[in-house]
Every structure is written in C-alpha cells, then in structure tokens.
Amino acid sequence: LKGIVKDRMNRIAVLSGSNGTWFLKNDKLYDKKGRRVKGIRGEIGEDSANLITEDNFSKTFKIHNN
C-alpha cells in the first residue's frame, strides 16, 4: 500500500507492486487505466486497505513508514 488520498467526498487507496498499480475507490478495485478489476472488492481503513475476493478470501495491506 503506497498511500491513501482523502478529499471531502472520497478516499482512494493506491496499491503498487511488481505487477503494476491499482486504485481502490468506493469499495471497487481499478487498474492504472481505470478499468474495474472484476471479482475483487475492498475496504479502506485509516492506514490500511483490505481486498476481498468473490470467495471471501481477504488480504490486508498497511502503509509502511520508512
């Protein structure tokens, strides 16, 4: 998890790894071209993002302060 951007209306989590960059907004995951990633939803916390698959497998990512 690279960071969480907040404004008055939304929170957007930016996730990045060796396979690319994704954005979690309104509980939906998008790729860097803005295309929805089907089968994955998510939740944004204060310093974390939790991704959940259709079969309810979940993985939590936290912001790491270096």
Answer whether the closest heavy-atom distance between the side chains of [X] and [Y] falls below 4.5 Å.
X: I4; Y: I44; answer: yes
X: K25; Y: N10; answer: yes
X: F61; Y: L15; answer: yes
X: R36; Y: L29; answer: no

Minimal non-hydrogen separation, [X] against [Y], with atom names:
X: S16; Y: K2; value: CB-CG, 3.6 Å
X: D27; Y: E43; value: OD1-CA, 4.1 Å
X: S58; Y: I52; value: CB-CG1, 4.0 Å

Quick check on the hydrophobic clustering: are [X] and [Y] connected, directly or via other members, by side-chain heavy-atom contacts under 4.5 Å?
X: I12; Y: L51; value: no
X: I63; Y: F23; value: no
X: L24; Y: Y30; value: no

**Report entry** K62/E46 ion pair, N-O < 4.0 Å
**Finding:** no
**Report entry** CA sep, side-chain torsions, deciding dist, call: W22, V37, side-chain contact (heavy atoms from CB on, under 4.5 Å)
**Finding:** CA-CA 9 Å; W22 298 271; V37 178; 4.2 Å; yes
Query raised in the report: Is there a donor-acceptor pair under 3.5 Å between the side chain of N26 and the backbone N or O of K28?
Result: no
